[in-house]
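Everything on this sheet refers to the single structure shown next.
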Amino acid sequence: MMKFLTSAIFPPVLTLKNNAQTKTQFHISKSGLKTILITLLVLLGNINLFAQKLERVEPMFWFTGMHNPKLQLLVHGDNIAKATVALTYPGVKLVKVNTVENPNYLFLDLTLSAAVKPGSFPIHFLVNGKKIFSYTYELKNRDKSAGRIQGVTNKDFIYLLMPDRFSNGDKSNDVVQGLTETALNRDSMYYRHGGDIQGVINHLDYLKDLGITTVWMTPEVENDMPQASYHGYAVTDHYKIDPRYGTNALYKKYVETAHAKGMKVIKDIVHNHIGTEHWFYKDLPMKNWLNQWPKYTQTSYRDQTVMDIHASAADRKQMLDGWFVPSMPDLNQTNPYVQNYLTQNHIWWIEYAGIDGLRLDTYGYNDPVYMADWALKVQAEFPHLSVFGETLVTAVANQAFFTGGNTVNRGFDTHLQGITDATLKDAIYEGINGKNGWVDGINRLYATLAHDFLYKNPNTNCIFLDNHDMSRFYSMVGEDFDKYKMGISILLTMRGIPEMYYGTEILMKNFSNPDGLIRSDFPGGWEGDKKDKFIANGRTTKENEAFNFVKTLANFRKNSPALQTGKLMQFVPQDDIYVYFRYNAEPKGTVMVIVNNTEKEKTLNTDRFAERTKGITKAKNVITSENIDFKNIKVPAKTTLVLELN
């Protein structure tokens, strides 16, 4: 009889009680079918009913051959906690069914044996022994194809873009009915513009030609918020690509297409917070799924409180547990269910799509113990995966505090491979824009690199000049093209993994206040754009000079072992000239970088650098291919010379 029960007949929750003192009378008629069914159920006994609608099971499928045999399924549906659960499949064991505060949730603890085979099996949900409905769960083979999950290293050059602002490759998904925001307005920086994953796929050859080896998009998962969530950092569904960008299948195709072209992919993920339109924010599994406060409390954004041995517990708590902004609720990462949910989601995306690296948003705001555990679990599954965390802080020691190795007496190992090197970025700006002094100007860059001993491996840090949250590089150097070339030269010859923000190669500009101005569309990414700067004919003379400058250095870097994996040796600046070398054991191919940030041409005698130049007789300017006199090198004003030594 249970097969007749449908949500069309019954409300979401209906409780019937059998009362022996009450006689029920009814007339048999077509309109009385519902009454008949209810009466028959009354005669069968006390049964609690709920809608025959299972909202979701996450992860929706999993993989065989994982290092960790444990899997926790989140099950969401109206009053689902009333059900018992049964499953039978060789190699899969249902260990425990967890109920929580909200009866609309169950958490199923499974173990998968090492011998479990790919296949599908039903998970049955029953009431009083009667099956209400089933969910067909699938275990897929892990994809062991070559070229997947390669890792991103200091051999690579990363291109950061915002998919909504890069290129519109599929106009059919510009507006998706049923989503909260359906406005499309390219004249406003705070509405969606229609860029998507297909647009990125369409321009992978452009990026490859430029010398890019790795693409990093701001988060592509669903952000179904009322407005201004094009940035991707207010997730509303962890397992779904935002339909305005495409589908899960298209994202997987994007990764595969990049790999086929010899390129890699970084996925941007957010541990710390969600959007207020997230489906589980609207129906919280339990109160402590979030960091709750008596009244709204925002984070202090003070990273120092996490590392300060003198900090108050209250200050530390506000930094870690305060909400980032009112529209982004703060997840409680000390909750084991939250931990499992996030970790499994990230593992699922890596295995599903085959991505090569992860960028971790707002790393310093996360629970540190959980993040160390997360890193171990992810690295156990994917030993070659690369991970770096966002740490927009103001000192080298603050950055090193978050990196792996316990090098600054933190007390435990975070197992985080690298960070976004904001202090080096600041030092590069000071070296370009500042007036030279004992600790200022070019000496700041030298001194900052001298602190690299604080890192377990500084070569895994992501180095950059700007990103989607800060003023663009070209504006920050006053639209001075000489300074622009100086900065690009340092970026592409420095230790670490270089990242460039989209449009830097064509001199896109603007300041971060208001922040929308730094997130302009890439000209030519939309049908009907007056200028197409993806092609040389659409760029101005200066824009082509900038593009070719980046292209020349980036493609040289692709073939320079010294710049990719070589050591760094720097010399104390003298006469306002800063010199560093990238080198391997073999002197041939050593790269010498000379920075003159002054308004005067300088002549540099190379005798001082004999420990790196012994046996060298030739030097070639990488940009111009000109052979130069290596004994006394003329360095023009506001110039970074990049020389290949032979």
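Starting from 1, each residue takes its place in the sequence as its number.
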Test applied, side chain to side chain contact (heavy atoms under 4.5 Å, CB included); reference residue, L604; option that passes from K631, K634, M592: M592
Geometric class of the F473/Y429 ring pair [parallel <30°, tilted 30-60°, perpendicular >60°]: tilted
Derivation of the ring-ring contact (aromatic ring centres under 6.0 Å, His included) call for Y580 and Y446: CA-CA 9 Å; Y580 63 90; Y446 166 80; over 10 Å; no
Separation of T617 OG1 from L645 CG (nearest 0.5 Å): 9.5 Å
Side-chain donor/acceptor of K208 to backbone N/O of K261, under 3.5 Å: yes
Audit row: K425, D466, salt bridge (Lys or Arg N to Asp or Glu O under 4.0 Å) steps and yes/no: CA-CA 8 Å; K425 180 264 298 179; D466 59 4; over 6 Å; no
Heavy-atom pair of closest approach, residues S167 and H203: OG-CE1, 3.1 Å
Flag side-chain contact, heavy atom, 4.5 Å: R148 against E351: yes
H193 side chain to D164 side chain, donor-acceptor N/O pair below 3.5 angstrom: no
Which atom of S560 lies closest to which atom of V591, heavy atoms considered: OG-CG2, 3.9 Å
Parallel, tilted or perpendicular: rings of Y501 and H468 (30°, 60°): tilted
Heavy-atom side-chain contact between M470 and L392 under 4.5 Å: yes
Polar side chain donor-acceptor pair, D356 to H384, under 3.5 angstrom: no
Within-4.5 Å side-chain heavy-atom neighbours: Q304 and M319: no
Student check: side-chain heavy atoms of D209 and F534 closer than 4.5 Å: no
Flag if over 12 foreign heavy atoms under 6.0 Å of NZ, K155: no
Quick one: side chains of residues 618-625, donor-acceptor pairs under 3.5 Å with protein atoms, not counting sequence neighbours, listed by atom name and distance.
unit_1, atom_1, unit_2, atom_2, d
N621, OD1, I623, N, 2.9
N621, OD1, T624, N, 3.2
T624, OG1, E626, N, 3.2

Six-ring centre of Y230, R165 cation under 6.0 angstrom, axis tolerance 45°: yes
Donor-acceptor side-chain pairing of T420 and E390 below 3.5 angstrom: no
V387 backbone acceptor or donor facing Q417 side chain under 3.5 Å: yes
Nearest heavy-atom neighbours spanning Y502 and L161: CD2-CA, 3.7 Å
Salt bridge flag under 4.0 Å for residues K252 and E256: yes
Neighbour count >12 (heavy atoms, 6.0 Å) for atom CZ, R410: yes
Ion pair D469/R519, N-O distance below 4.0 Å: yes
Parallel, tilted or perpendicular: rings of W348 and Y352 (30°, 60°): parallel
Carboxylate-amine/guanidinium proximity below 4.0 Å for D440 and K435: no
Geometric cation-pi criterion R472 and F511, 6.0 Å radius, 45° cone: no
Under 3.5 Å: donor-acceptor pair, side chain of N433, backbone of E430: no
Mutual orientation of the aromatic rings belonging to F547 and Y206 [parallel < 30°, tilted 30-60°, perpendicular > 60°]: tilted
Side-chain touch K267/E220, heavy atoms, less than 4.5 angstrom: yes
Polar contact flag, side-chain donor to acceptor under 3.5 angstrom, E505-Y159: yes
Side-chain donor or acceptor of K485 paired with backbone N/O of F549 under 3.5 Å: no
Trace of the side chain to side chain contact (heavy atoms under 4.5 Å, CB included) decision for L416 with F388: CA-CA 7 Å; L416 181 66; F388 62 96; 5.6 Å; no
Pair D413-N406, side-chain donor/acceptor within less than 3.5 Å: no
Exercise: do Q564 and N154 side chains pair donor with acceptor under 3.5 Å: no
More than 12 heavy atoms of other groups within 6.0 Å of N409 CG: no
Partner residues of T394 under the side chain to side chain contact (heavy atoms under 4.5 Å, CB included) criterion, sequence neighbours left out: none
Full working for salt bridge (Lys or Arg N to Asp or Glu O under 4.0 Å) between D373 and K377: CA-CA 6 Å; D373 179 70; K377 285 184 169 67; 2.7 Å; yes
Exercise: do W216 and D268 side chains pair donor with acceptor under 3.5 Å: yes
Under-4.0 Å salt bridge between R444 and D426: no
Basic-acidic side-chain contact under 4.0 Å: R359, D361: yes
Between Y301 and F324, ring centroids under 6.0 Å: yes
N596, V595, T598, I428 screened by side chain to side chain contact (heavy atoms under 4.5 Å, CB included) with I442, the one that passes: V595
Heavy-atom side-chain proximity of E479 to L507 below 4.5 angstrom: no
Donor + acceptor pair across side chains of H346, W374 (<3.5 Å): yes
Q198 side chain to Y254 side chain, donor-acceptor N/O pair below 3.5 angstrom: no
Any side-chain donor near an acceptor of the partner, R495 and N459, under 3.5 Å: no
For the student: nearest non-hydrogen atoms of P219 and G232, plus distance: CB-O, 3.1 Å
Pair D303, T305: side-chain N/O donor-acceptor within cut-off below 3.5 Å: no
Check: T540 side chain, E543 main-chain N or O, donor-acceptor pair, under 3.5 Å: yes
Lys/Arg-Asp/Glu bridge criterion (N-O < 4.0 Å) met for E381, R142: yes
NZ (K456) with more than 12 external heavy atoms under 6.0 Å: no
